[in-house]
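Heads up, the thing below is written out as structure tokens.
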Amino acid sequence: MAMAAARRALLSHLRVPVLARPAAAAGSVPAARLLSSATEEGSKGSFLDKGEVADRIVSVVKNFQKVEPSKVSTVADAHRTADSDLGVTPNAHFQKDLGLDSLDTVEIVMAFEEEFGFEIPDNEAEKIDSIKTAVDFVASHPQAK
């Protein structure tokens, strides 16, 4: 009972007066319409360009401290070298090509989550074992930023 009285007293001091606006102001859009259109756009999401995603994922992998510098190659190197010697390229497998173990793979997926601003569910994270699968997943995810 005392808590409700204290709450009412606090709220009466915190109230902010709202000035009345003309109901039919020229060019005004009802707040409900603004909210619904923003929600619709947010739920549709927008997909990132696959090339941009690939560049960002390769960058994350190259900057991952457990990837050996000898495995980091440029695109120019990729055209001159055999596939087995490529290192960090769009087709690189985390364990086979980059020498990462399963814990490193979990850490790199977490780095992808941080880079793209969304959480990758565990069941999907288990499937991400190469740069290509990471690019495909992130590029197809509407919440990736």
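Source: prediction; values computed, not measured.
With hydrophobic clusters built from ILVMFWY side chains whose heavy atoms lie under 4.5 angstrom apart, Phe112 shares a cluster with Leu48.
Within the model, atoms CZ of Phe94 and CD of Glu107 stand 12.5 Å from one another, a figure rounded to the nearest 0.5 Å. Note: Asp136 CG to Ile131 CD1 = 12.0 Å, rounded to the nearest 0.5 Å. Separating the NZ atom in Lys50 from the OG atom in Ser140 is a distance of 8.0 Å, to the nearest 0.5 Å. Here the CD atom belonging to Glu115 is positioned 11.5 Å from the CD1 atom belonging to Ile108, to the nearest 0.5 angstrom. The line from CG of Asp129 to NE2 of His93 is 3.5 Å long, rounded to the nearest 0.5 Å.
Contact between Asn91 and Asp97 at its shortest, heavy atoms only, is O-OD2, 3.9 Å. Closest approach of Ala54 to Val135, counting heavy atoms only: CA-CG2, 3.6 Å. Here the shortest heavy-atom pairing between Phe47 and Ala139 reads CD2-O, 3.5 Å. The shortest heavy-atom contact between Asp104 and Phe64 is O-CZ, 3.7 Å. A pairwise comparison of heavy atoms in Ile128 and Ala134 identifies CG2-CB, 3.6 Å as the closest pair.
Taking 4.5 Å as the limit, every side-chain heavy atom of Lys127 sits out of range of all side-chain heavy atoms of Thr133. Contact check for Arg56 versus Val60: no side-chain heavy atoms found under the 4.5 Å cut-off.
For the residue pair Ser102/Thr105, the side-chain donor-acceptor check at 3.5 Å is not satisfied.
In this structure, His141 and Phe118 have parallel ring planes: the angle between them is below the 30° cut-off, well short of the 60° mark.
Within a 6.0 Å radius of CG in Asp49, more than 12 heavy atoms belonging to other residues, nucleotides or ligands are found.
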Discussion item. Run Leu100 and Lys66 through side-chain contact (heavy atoms from CB on, under 4.5 Å) and show every step you take.
Written reply: CA-CA 7 Å; Leu100 301 176; Lys66 293 185 180 177; 4.1 Å; yes
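Side chain of Glu113 to main chain of Ile120: a donor-acceptor pair is present (N/O by atom type, distance under 3.5 Å, no hydrogens or angles).
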